[in-house]
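For reference, the structure is listed below as structure tokens.
When a residue number appears, it is its place in the shown sequence, counting from 1.
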Amino acid sequence: MQKEIRTESQVLSPEGRVRNPGWSRTPLFYLDKSLLKNRFSFSEKDSFVISNSDMTMHLSIEENGIVSQVSALIVDYNTGSIEHKSLRNYMSFGRLNMPQTSTNGDTSFVNSRVGMNFLNTALNRYIRCEFVNFYKDKNLYINLELSEETDESLNVLIPDKNNPKGFLLKRFLPGMRASGVVKLGGAEYNLSKENTHAYLNWTRLYSGEKACYHGLYANTEIDGKQFALCLSGGIGDVSMGGENCYFYRGVAHKLASVKASGTEEKPHKPWRFTAGSSALDITFKPTIKGGHLLHKKCGKKTFIFGKLYGTIEQMNSEKITLDAVPAHLEFSMA
């Protein structure tokens, strides 16, 4: 049974055990990192996905045990190109000092080639980045402002199945608007809030077990109405609350259980996702551009870009028809 949390809640007890698993519409979970007993098993990741009809950009900063990493991936839908780079700092040992909450605090990664900053002020979020020799001698420059347009988000605390101290803490914050400029070599993308969408995927994972983690994400408008989708899983005991949900007109709608039909080994093949008797029935079709599949394997993660088709119609909510809605799949080892 899904459990909706309605008051502020600590993630861990003083003994370091997971206290109150479930999900909420606002960020009510607070993580005190001083209660973690083994920092080598702790992973922190802040990711932003920014997209419009011309491009999609995935940016992330993460720290996993003793290693920190910065990544950037840019898809150009006009040319079909996908350009990506990841850089690591070893022996990091928590030096990034990433925030314990998704509502405030800045995240930065700096070395001799890149400076990437996720800034969070009282009014808006900002992304600043200078990346030297990002891809084939091209430099990457990013200067963006992100405004939050909706009040609700998916916030979920998922405990490990076997370890009372293990957990996944996640916030999926869709419905943001982005404006600014992205420069890559000689190409320049001018982004405006009228046609550019963004979302935050904020995760904190404390587990010594390896798992195959997967997700289907969308964040756009349908007939002028805000729509977002997060179908993710592969980690922990989701009986009290999982990551599956969609947003429409700024309101979160939870999905208890979703079945996925497809295979990562055949990335060009469609995937089908269903829930209930008719609550959700959608198909993800990968995009082919210039005879090439829009997908990229980046280290332990694979991205596949495509479109969604089908319908969502929960009880007591209006029917949503998806017709070529931009989306992407992610597969990774966590």
With sequence neighbours excluded, tell me which residues meet side-chain contact (heavy atoms from CB on, under 4.5 Å) with Tyr135. Glu83

Could you list all the side-chain hydrogen bond (donor to acceptor under 3.5 Å, both in side chains) pairs where at least one residue sits in residues 251-262, not counting sequence neighbours? Gln2-Lys254

Could you pull out all residues at least two apart from Asp281 that satisfy salt bridge (charged side-chain N to carboxylate O under 4.0 Å, His left out)? Arg272

Nearest-0.5 Å distance, CG of residue Leu280 to CG of residue Leu322: 8.0 Å

Are Asp237 and Ser239 close enough that a side-chain donor and a side-chain acceptor fall under 3.5 Å? yes

Are Leu157 and Leu255 connected in the hydrophobic side-chain network, where two residues link if heavy atoms are under 4.5 Å apart? no

Scan the side chains in residues 159-167 for donor-acceptor partners under 3.5 Å anywhere in the protein, sequence neighbours excluded, and list what turns up.
{"from": "Asp160", "atom 1": "OD2", "to": "Ser207", "atom 2": "OG", "distance (Å)": "3.2"}
{"from": "Asn163", "atom 1": "OD1", "to": "Lys165", "atom 2": "N", "distance (Å)": "3.0"}

If two hydrophobic side chains count as joined below 4.5 Å and joins carry through other members, does Phe40 share a cluster with Tyr90? yes

Is the shortest heavy-atom distance from the side chain of Phe109 to the side chain of Asn89 under 4.5 Å? yes

Calculate, to the nearest 0.5 Å, the distance between atoms OG and CG belonging to Ser102 and Asn155 respectively. 6.0 Å

In terms of relative ring orientation, are His328 and Phe303 parallel, tilted or perpendicular, with 30° and 60° separating the classes? tilted

Do you reckon Ile127 sits in the same ILVMFWY cluster as Val70, going by side-chain contacts under 4.5 Å, direct or chained? yes

My understanding is that only residues two or more places apart in sequence, or in another chain, count here; which of them pass side-chain contact (heavy atoms from CB on, under 4.5 Å) with Tyr141? Glu130, Asn143, Val181, Lys183

Using side-chain heavy atoms (C-beta onward) and a distance below 4.5 Å, is Leu308 in contact with Leu229? yes

If you look at every heavy atom in Thr287 and Gly306, which pair is closest and at what distance? OG1-CA, 3.2 Å

Interatomic spacing from NE2 in His197 to CZ in Arg177 - rounded to 0.5 Å: 4.5 Å

Tell me, please, which residues at least two apart from Val132 pass side-chain contact (heavy atoms from CB on, under 4.5 Å). Asn139

Not counting sequence neighbours, which residues clear salt bridge (charged side-chain N to carboxylate O under 4.0 Å, His left out) with Arg128? List them please. none

Indicate every side-chain donor-acceptor pair of residues 27-37 with a distance under 3.5 Å to a residue at least two apart or in another chain.
{"from": "Tyr30", "atom 1": "OH", "to": "Gln100", "atom 2": "NE2", "distance (Å)": "2.8"}
{"from": "Asp32", "atom 1": "OD1", "to": "Ser34", "atom 2": "N", "distance (Å)": "3.1"}
{"from": "Asp32", "atom 1": "OD1", "to": "Ser34", "atom 2": "OG", "distance (Å)": "2.6"}
{"from": "Asp32", "atom 1": "OD2", "to": "Ser34", "atom 2": "OG", "distance (Å)": "3.3"}
{"from": "Lys33", "atom 1": "NZ", "to": "Glu44", "atom 2": "OE1", "distance (Å)": "2.8"}
{"from": "Lys33", "atom 1": "NZ", "to": "Met98", "atom 2": "O", "distance (Å)": "2.7"}

Side chain to side chain, Val49 and Thr56, heavy atoms closer than 4.5 Å: yes

What do you reckon, is CZ of Arg25 surrounded by more than 12 foreign heavy atoms closer than 6.0 Å? yes

Evaluate the side-chain proximity of Ile304 to Leu294: yes if any heavy-atom separation is below 4.5 Å, no if none is. no

Sorted by chain and number, sequence neighbours left out, salt bridge (charged side-chain N to carboxylate O under 4.0 Å, His left out) with Lys301 holds for Glu330

Trp23 to Leu154 - nearest heavy-atom pair and separation: CE3-CD1, 4.3 Å

If you count heavy atoms of other groups shown closer than 6.0 angstrom to CG of Asn78, is the number above 12? yes

Does a salt bridge link Asp106 with Arg125, judged by any charged N lying under 4.0 Å from a carboxylate O? no

For Val182 and Leu140, what are the C-alpha separation, side-chain angles and deciding distance, and is it a side chain to side chain contact (heavy atoms under 4.5 Å, CB included)? CA-CA 7 Å; Val182 177; Leu140 174 64; 4.0 Å; yes

In sequence, state the C-alpha distance, the side-chain angles, and the governing distance for Glu318 and Arg249, and then conclude on salt bridge (charged side-chain N to carboxylate O under 4.0 Å, His left out). CA-CA 11 Å; Glu318 58 188 299; Arg249 300 176 185 263; 3.0 Å; yes

Centroid-to-centroid, Trp271 to Tyr309, below 6.0 Å? no

Would you call Arg113 and Lys85 a side-chain contact if the rule is heavy atoms closer than 4.5 Å? yes

Would you find more than 12 non-hydrogen atoms of other residues, nucleotides or ligands less than 6.0 Å from Asp151 atom CG? no

Got a sec, which residues hit side-chain contact (heavy atoms from CB on, under 4.5 Å) with His84, two or more places apart in sequence or on another chain? Ser71, Leu73, Ser86, Lys296, Cys298

Any chance CD of Glu221 has more than 12 other-residue heavy atoms, nucleotides or ligands included, within less than 6.0 Å? yes

For the hydrophobic clusters of this structure (ILVMFWY residues joined by side-chain heavy atoms under 4.5 Å, transitively), does one cluster hold both Leu12 and Phe42? yes

Between the CE atom in Met55 and the CG atom in Leu184, the distance rounded to the nearest 0.5 Å is 9.0 Å

Side chains of Tyr213 and Glu243: donor-acceptor distance under 3.5 Å anywhere? yes

Phe284 ring center near Phe273 ring center (under 6.0 Å): no

Would you check if Glu62 and Asp46 make a side-chain contact, meaning some heavy-atom pair closer than 4.5 Å? no

For residues Thr101 and Thr103, is any side-chain donor paired with an opposing acceptor at under 3.5 Å? yes

Determine, stepwise, if the pair Tyr246 / Ile312 fulfils side chain to side chain contact (heavy atoms under 4.5 Å, CB included). CA-CA 9 Å; Tyr246 69 93; Ile312 303 174; 3.5 Å; yes

If we only count heavy atoms from C-beta on, is the Trp202 to Lys45 side-chain gap below 4.5 Å? no

Is there a side-chain contact between Asn97 and Thr107 in this structure, where contact means two heavy atoms from C-beta onward sitting under 4.5 Å apart? no

Go through the structure and list residues passing salt bridge (charged side-chain N to carboxylate O under 4.0 Å, His left out) with Glu145, not counting sequence neighbours. none

In terms of relative ring orientation, are Tyr217 and Tyr199 parallel, tilted or perpendicular, with 30° and 60° separating the classes? parallel

Can you confirm whether the side chains of Ser13 and Arg19 place a donor and an acceptor under 3.5 Å from each other? no

Evaluate the criterion side-chain hydrogen bond (donor to acceptor under 3.5 Å, both in side chains) for residue pair Asn20 and Lys3; output intermediate values, then yes/no. CA-CA 9 Å; Asn20 195 19; Lys3 178 183 177 183; 2.5 Å; yes

Donor-acceptor pairs under 3.5 Å, side chain of residues 262-269 to any protein atom, not counting sequence neighbours: which ones?
{"from": "Thr263", "atom 1": "OG1", "to": "Glu265", "atom 2": "N", "distance (Å)": "3.3"}
{"from": "Thr263", "atom 1": "OG1", "to": "Glu265", "atom 2": "OE1", "distance (Å)": "2.7"}

Would you please test Leu87 and Gln69 for side chain to side chain contact (heavy atoms under 4.5 Å, CB included) and show each step? CA-CA 6 Å; Leu87 294 179; Gln69 178 173 290; over 6 Å; no

Shortest non-hydrogen contact from Pro174 to Thr150? O-OG1, 3.5 Å

